[in-house]
Trainee: 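Dumping the structure here so I can ask a few things about it.
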Amino acid sequence: MSLTHKSKTAFTILKTQGVSGVVKVLKAKLDSAYRPDEAEIVFEVLSKTINKGIMIDVGAHHGGSLAPFAQAGWQVYAFEPDSGNRAILTNSFGNFPNVHIDDRAVSDHLEDEVTFYKSAESTGVSGLSAFLPSHRAAEKVSVTTLQRFLIEQKLEKQEIDFLKIDTEGFDFMVLKGFPWNEKQPRMILCEFEDSKTTPLGYSFQDLAAFLVERGYKLVISEWYPVKKYGSLHDWKRFTTYPCTLEDPTAWGNIFAVKDDNLYQQLLEVSNN
């Protein structure tokens with residue numbers, strides 16, 4: 001990462017999360033444990049071949065994942081149904097002409113007035129399901145699909161370079177709502193955690209198999225099981241798929257890529 005990009009990232013953290021966010025990042029840097037930023041890895045890989053692409057960020061939170069793409073001039077479409085998170089996201093990126101912020105949740109169907117849950121434990125666990133005892137029904141949201149959204153934005157014929165999904169259990173449903181017969185994203189980053197998704201009807205293996213069936217090669221970023229939401233988590237390993245998780249209660253992210261050259265670059269970056 002260049003010095004200029006590091007300074008931009010530090011400014012974004014200060015602006016979106018305040019001094020406490022900077023302190024949290026500094027503590028993570030001082031910690032000897034390595035914690036990869038998977039979206040940053042995707043940016044590093046894609047920026048070698050793409051100048052200004054299209055990113056869709058489903059579950060944008062405060063904008064940490066989209067920040068380098070927005071700052072590099074990518075066209076970014078960010079979904080954030082949590083009104084509190086969206087206010088912070090809008091404060092940070094609302095003035096970017098290349099960033100479009102949408103207040104809807106995303107799944108595999110259309111629906112209005114759906115209950116959306118929040119927890120005092122963390123701003124990062126808001127979603128359509130209450131998987132924590134601390135979750136409370138907080139507001140009503142509309143639900144769309146990526147297929148409908150692409151039609152609305154007249155993006156049916158545009159290449160989607162990066163699809164990032166972090167929806168606290170609904171990642172598989174978001175993927176199912178994508179128009180696979182018409183296009184396939186160049187690279188996908190989505191989250192898995194069976195403790196959240198098994199009650200919703202799918203597992204890590206189901207999610208991985210869905211992507212493999214569509215011709216993607218996968219790199220798995222496995223993290224140790226969550227001890228406490230809202231705190232720093234511990235990272236375990238990168239591995240390629242097919243695989244089984246070393247800990248069945250682990251969580252993590254799946255990198256999915258179709259292009260062989262991009263896949264090799266991803267392997268090189270993730271192994272450094």
Trainee: Would L189 end up clustered with I56 when hydrophobic side chains under 4.5 Å apart are linked, directly or stepwise?
Mentor: no

Trainee: Just how far is it from atom CZ of F178 to atom CG of D108, taken to the nearest 0.5 Å?
Mentor: 14.5 Å

Trainee: Could you name each residue pair satisfying salt bridge (Lys or Arg N to Asp or Glu O under 4.0 Å) that touches residues 119-145, not counting sequence neighbours?
Mentor: K118-E139

Trainee: With W74, which of F162, F69, F43 fulfils ring-ring contact (aromatic ring centres under 6.0 Å, His included)?
Mentor: F69

Trainee: Could you check whether any side-chain heavy atom of F204 comes within less than 4.5 Å of a side-chain heavy atom of I254, counting everything from C-beta outward?
Mentor: yes

Trainee: Do M173 and L200 have side-chain heavy atoms sitting under 4.5 Å apart?
Mentor: yes

Trainee: Give a yes or no answer on whether the side chain of S47 reaches the backbone of E44 with a donor-acceptor pair at less than 3.5 Å.
Mentor: yes

Trainee: Does any pair with a residue in residues 175-189 pass salt bridge (Lys or Arg N to Asp or Glu O under 4.0 Å), and if so which ones, sequence neighbours excluded?
Mentor: E159-R186, D161-R186

Trainee: Would you check if the side chain of R35 reaches a backbone N or O of W235 as a donor-acceptor pair within less than 3.5 Å?
Mentor: no

Trainee: Tell me if the CZ atom of R214 is crowded by more than 12 foreign heavy atoms within 6.0 Å.
Mentor: yes

Trainee: Would you say D171's side chain and E191's backbone share a donor-acceptor pair under 3.5 angstrom?
Mentor: yes

Trainee: Would a distance-only check, ignoring hydrogens and angles, find a side-chain to backbone donor-acceptor pair under 3.5 Å from S129 to F131?
Mentor: no

Trainee: Kindly indicate whether the side chain of V269, heavy atoms from C-beta on, has any atom under 4.5 Å from the side chain of L266.
Mentor: no

Trainee: If you measure from CG on L163 to CD1 on I54, what distance do you get to the nearest 0.5 Å?
Mentor: 12.0 Å

Trainee: Looking at CG of L218 and SG of C190, how far apart are the two atoms once the value is rounded to the nearest 0.5 Å?
Mentor: 8.5 Å

Trainee: Kindly say whether G177 contributes a backbone atom to a donor-acceptor pair with the side chain of Q147 at under 3.5 angstrom?
Mentor: no

Trainee: Answer yes if I50 and F255 sit in the same cluster of Ile, Leu, Val, Met, Phe, Trp and Tyr residues linked by side chain heavy atoms under 4.5 Å apart, and no otherwise.
Mentor: yes

Trainee: If we ignore hydrogens and angles and just use 3.5 Å, is the side chain of N91 paired with the main-chain N or O of I88 as donor and acceptor?
Mentor: no

Trainee: Taking ring-ring contact (aromatic ring centres under 6.0 Å, His included) as the criterion, tell me which of F210, F172, F170 meets it with Y202.
Mentor: F172

Trainee: Take L128 and F116 through the side chain to side chain contact (heavy atoms under 4.5 Å, CB included) test and state the conclusion after the steps.
Mentor: CA-CA 5 Å; L128 294 172; F116 193 77; 4.0 Å; yes

Trainee: Rounded to the nearest 0.5 Å, what separates atom CD in E193 from atom CG in L207?
Mentor: 12.5 Å

Trainee: When you compare the side chain of F149 with that of H100, does any pair of heavy atoms fall below 4.5 Å?
Mentor: yes

Trainee: For a 4.5 angstrom cut-off between non-hydrogen side-chain atoms, does Q205 reach F192?
Mentor: no

Trainee: Under 6.0 Å from the CG atom of N181, do we count more than 12 heavy atoms belonging to anything else shown?
Mentor: no

Trainee: For the residue pair V42 and K164, establish whether any side-chain heavy-atom pair is separated by less than 4.5 Å.
Mentor: no

Trainee: Is it the case that one hydrophobic cluster holds both W251 and V174, taking links as side-chain heavy atoms less than 4.5 Å apart, direct or via other members?
Mentor: no

Trainee: Begin with the C-alpha distance, continue with both residues' side-chain angles, and end with the deciding distance and a verdict on side chain to side chain contact (heavy atoms under 4.5 Å, CB included) for Y77 and L146.
Mentor: CA-CA 11 Å; Y77 298 92; L146 289 180; over 6 Å; no

Trainee: Just how far is it from atom CG of L232 to atom NZ of K227, taken to the nearest 0.5 Å?
Mentor: 11.0 Å

Trainee: If you count the non-hydrogen atoms of other residues, nucleotides and ligands that lie under 6.0 Å from NZ in K48, is the total more than 12?
Mentor: yes

Trainee: So which heavy atom on P36 is nearest to which on S221, and how close?
Mentor: CG-OG, 4.1 Å

Trainee: Please give me the minimum heavy-atom distance between D82 and S126, naming the atom from each residue.
Mentor: OD2-OG, 2.5 Å

